[in-house]
Amino acid sequence: MTAEIYWIWLAERLGAGSALGRRLLAAFDTPEEVWRATRAQLAAAVSLTQLRLDALADKDTLHAQRIWQSCVRGQIAVCTLTDERYPPLLRGIANPPLVLYVRGTLPDLQDSLPVSVVGTRRATPYGRHAARYFAGTLAQNGCLIVSGMAEGIDGAANRAALDAGCETVAVLGCGVDVCYPASHRALLRDIVAHGAVISEYPPGTEPKGHHFPVRNRIITGMSRGILVVEAPKKSGALISADLALEQGRDVFAVPGDINRPNSAGCNALIRQGGAELVQTPADLLAHYERTVRADRRPDAPVARSAPPEHKLAAARPQAAEAPREMRTLTGSAQECAVWRAVRDGSDTVDRVVECTGLTASEVLTALTMLEVGAYVARTDAGYRAADDVQLPQTTET
């Protein structure tokens with residue numbers, strides 16, 4: 001058997017998020033040695049519950065072999081804890097994943113500054129603009145944007161990095177061959193082409209609620225700093241902030257309107273001293289003594305001198321500072337589906353068709369109606385969703 005199969009066997013025996021793998025490897029050096037160890041040797045080396053001992057005493061590798069074969073078929077890389085491609089910062093946390101499944105190419109993390117951008121799935125136009133502004137500018141200035149490809153802030157951050165002509169990494173709470181949310185098929189495809197989609201869950205694993213808090217330790221663990229853009233008081237993004245603090249990472253937060261519930265979590269983090277307030281990408285980059293150039297092209301070299309403040313101000317999206325009054329889309333179910341797809345990055349008819357499953361004729365009809373209502377606009381770069389629009393509550397859930 002290949003060495004990767006032993007790694008997969010051990011990862012599956014322990015489950016996601018376990019800190020036991022590090023202790024076992026300290027005692028037995030390799031997963032193969034753990035596999036070869038007898039029940040008595042395992043019990044003598046590491047303190048184990050009876051359930052864990054029973055699992056490790058089961059030497060059946062059939063499940064691991066099937067996972068390995070599915071990776072080979074799906075061109076999914078298996079990156080183990082000792083692999084030189086493994087994110088170096090992630091390797092140092094208390095409970096690193098023993099195995100990462102990778103689609104795409106993991107960027108070189110030695111020469112970049114990995115920064116996680118997280119926030120609520122139910123982002124406001126303010127939050128989306130802030131996420132794009134920060135993630136795009138940080139990416140252009142040598143930061144690797146890491147996020148979760150979720151609806152709202154995460155997806156906006158991953159997309160902004162791509163739009164800036166840079167690589168990005170998305171960490172999933174499902175298999176890397178499973179697109180969640182389904183509306184992000186185009187985004188998933190683009191990240192695989194210009195970065196990597198990674199997960200500790202094997203191919204075919206469907207998303208489940210308890211996967212995501214466990215997944216968050218990877219997002220924060222592989223980064224130097226974490227930026228919370230928009231988060232209500234009870235939010236997965238705040239769980240990520242707590243994890244980052246436990247891991248010794250830097251935590252930054254974008255302040256928000258005191259009257260908006262979506263900003264309550266960020267404002268509380270800042271007030272309680274859990275996060276450093278940042279108003280521009282320059283604030284965050286200054287923490288790492290990096291230079292920001294908000295006006296530079298994606299293909300231009302990174303600037304080494306501070307830009308004039310008026311250029312930074314001019315580059316900041318106005319909607320991020322003064323959100324407009326929201327309109328609720330009152331169209332048909334198809335129009336809502338098409339608008340959501342465009343909002344989440346599907347900027348051509350073909351991409352909307354792929355994302356929604358509607359026919360080209362249905363998509364064109366819906367786009368026409370949405371244009372009439374000024375819910376979307378057609379630009380040289382493709383379709384863009386208006387930022388002052390929200391879907392009906394029943395459609396978003």
Side-chain angles (χ1 to χ4, degrees), residues 1-22 24-25 30-35 51-52 54-87 90-91 93-106 146-150 154 158 169-182 184-185 187-189 191-193 195-222 236:
M1 290 189 297
T2 66
E4 286 85 356
I5 290 175
Y6 293 110
W7 281 98
I8 295 170
W9 170 83
L10 183 56
E12 290 298 292
R13 286 289 181 266
L14 300 182
S18 174
L20 182 55
R22 186 182 287 282
L24 285 166
L25 292 175
T30 69
E32 183 175 355
E33 291 303 312
V34 177
W35 182 80
L51 189 64
R52 289 290 197 195
D54 290 343
L56 293 169
D58 180 354
K59 307 303 184 180
D60 186 357
T61 62
L62 183 59
H63 179 58
Q65 291 183 57
R66 286 173 175 166
I67 293 173
W68 169 253
Q69 290 164 2
S70 69
C71 290
V72 172
R73 288 194 302 270
Q75 297 183 311
I76 297 167
V78 176
C79 183
T80 68
L81 187 62
T82 56
D83 195 308
E84 63 180 11
R85 300 167 298 171
Y86 195 95
L90 182 61
R91 187 183 285 121
I93 69 172
N95 54 345
L98 298 182
V99 172
L100 289 174
Y101 300 96
V102 182
R103 283 184 67 196
T105 304
L106 270 172
V146 181
S147 199
M149 207 187 79
D154 289 26
N158 285 132
V169 172
V171 186
L172 306 187
C174 56
V176 293
D177 57 341
V178 177
C179 185
Y180 181 80
H184 279 182
R185 288 190 186 94
L187 179 57
L188 174 66
R189 179 194 62 214
I191 295 174
V192 170
V197 175
I198 68 175
S199 177
E200 67 180 315
Y201 298 102
T205 303
E206 293 296 325
K208 296 181 180 178
H210 64 275
H211 290 178
F212 295 94
V214 178
R215 177 276 311 262
N216 289 350
R217 83 190 194 289
I218 302 175
I219 294 177
T220 57
M222 66 184 295

Engineer: If you look at every heavy atom in Arg85 and Ala77, which pair is closest and at what distance?
Structural biologist: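 The pair with the smallest heavy-atom distance is NH1-CB, 3.9 Å.
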Engineer: Can you give me the closest heavy-atom contact between Tyr86 and Pro97, atom names plus distance?
Structural biologist: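 So the two residues come closest at OH-O, 2.6 Å.
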Engineer: Would you say Ile8 and Pro202 make side-chain contact, with heavy atoms under 4.5 Å?
Structural biologist: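 SC-SC contact between Ile8 and Pro202 ruled out.
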Engineer: Is there a side-chain contact between Val197 and Leu188, using heavy atoms and a 4.5 Å cut-off?
Structural biologist: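 Val197 reaches Leu188 side chain to side chain.
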Engineer: Do Leu172 and Arg215 make a side-chain contact, defined as non-hydrogen atoms from C-beta onward lying under 4.5 Å apart?
Structural biologist: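 Side-chain contact under 4.5 Å: no.
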Engineer: Mind checking whether Thr2 and Val78 have side chains closer than 4.5 Å, heavy atoms only?
Structural biologist: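 No. Closest side-chain heavy atoms not under 4.5 Å.
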Engineer: What is the distance from atom CG of Leu20 to atom CG of Leu56, rounded to the nearest 0.5 Å?
Structural biologist: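 One gets 6.5 Å once the value is rounded to the nearest 0.5 Å.
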Engineer: Once rounded to the nearest 0.5 Å, what's the spacing between atom CD1 of Ile191 and atom CG of Asn158?
Structural biologist: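 Answer rounded to 0.5 Å: 4.0 Å.
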Engineer: Can you measure from OH (Tyr201) to NZ (Lys208) and round to the nearest 0.5 angstrom?
Structural biologist: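 Tyr201 atom OH to Lys208 atom NZ measures 10.0 Å (nearest 0.5 Å).
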Engineer: Show the nearest heavy-atom pair for residues His210 and Pro213, with the distance to one decimal.
Structural biologist: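 For His210 and Pro213, the tightest heavy-atom pair comes out as O-CD, 3.6 Å.
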Engineer: Give the intermediate values and the outcome of side chain to side chain contact (heavy atoms under 4.5 Å, CB included) for residues Leu98 and Arg22.
Structural biologist: CA-CA 8 Å; Leu98 298 182; Arg22 186 182 287 282; over 6 Å; no
Engineer: Going from CG on Asp58 to CD on Glu12, what distance comes out if it is rounded to the nearest 0.5 angstrom?
Structural biologist: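 Asp58 atom CG to Glu12 atom CD measures 12.5 Å (nearest 0.5 Å).
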Engineer: How many angstroms lie between CZ in Arg13 and OG in Ser18, if you round to the nearest 0.5 Å?
Structural biologist: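 Nearest 0.5 Å value for the CZ-OG distance: 13.5 Å.
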Engineer: How many angstroms lie between CD1 in Ile76 and CG in Asp177, if you round to the nearest 0.5 Å?
Structural biologist: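 It is 4.5 Å, given to the nearest 0.5 Å.
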Engineer: Between Trp9 and Trp35, what is the ring plane arrangement, given parallel below 30°, perpendicular above 60°, and tilted in between?
Structural biologist: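 Taking Trp35 first and then Trp9, their aromatic rings stand perpendicular (interplane angle over 60°).
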Engineer: Has the side chain of Asn95 got a donor or acceptor atom that lies under 3.5 Å from a matching backbone atom of Gly17?
Structural biologist: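 Present.
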Engineer: How close do Gly221 and Ile93 get, counting heavy atoms only, and between which atoms?
Structural biologist: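 Smallest heavy-atom distance, with atoms named: CA-CG2, 4.0 Å.
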Engineer: Are Arg91 and Leu81 side-chain neighbours, meaning at least one heavy-atom pair lies under 4.5 Å?
Structural biologist: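 In contact.
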Engineer: With heavy-atom distances below 4.5 Å as the criterion, would you say the side chains of Pro31 and Thr80 are in contact?
Structural biologist: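 Not in contact.
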Engineer: Is the shortest heavy-atom distance from the side chain of Thr205 to the side chain of Ser199 under 4.5 Å?
Structural biologist: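 No - every pair of side-chain heavy atoms lies 4.5 Å or more apart.
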Engineer: Please report the shortest heavy-atom distance between Ala150 and His184, naming the atom on each side.
Structural biologist: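 So the minimum-distance heavy-atom pair works out to O-CE1, 3.2 Å.
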Engineer: Test side chain to side chain contact (heavy atoms under 4.5 Å, CB included) on Thr82 and Leu25; report intermediate values, then the result.
Structural biologist: CA-CA 11 Å; Thr82 56; Leu25 292 175; over 6 Å; no
Engineer: Distance-only check: which donor-acceptor pairs under 3.5 Å involve side-chain atoms of residues 65-75, not counting sequence neighbours?
Structural biologist:
from, atom 1, to, atom 2, distance (Å)
Gln65, NE2, Thr61, OG1, 2.8
Ser70, OG, Ile67, O, 2.7

Engineer: Can you establish whether the number of heavy atoms outside Leu62 located under 6.0 Å from its atom CG is more than 12?
Structural biologist: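 Check passes, neighbour count above 12.
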Engineer: Tell me, do Val102 and Val176 make a side-chain contact under 4.5 Å, heavy atoms counted?
Structural biologist: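 Heavy-atom side-chain distance check fails, nothing below 4.5 Å.
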Engineer: Restricting to side-chain hydrogen bond (donor to acceptor under 3.5 Å, both in side chains), what partner residues turn up for Arg217, sequence neighbours left out?
Structural biologist: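 Glu200.
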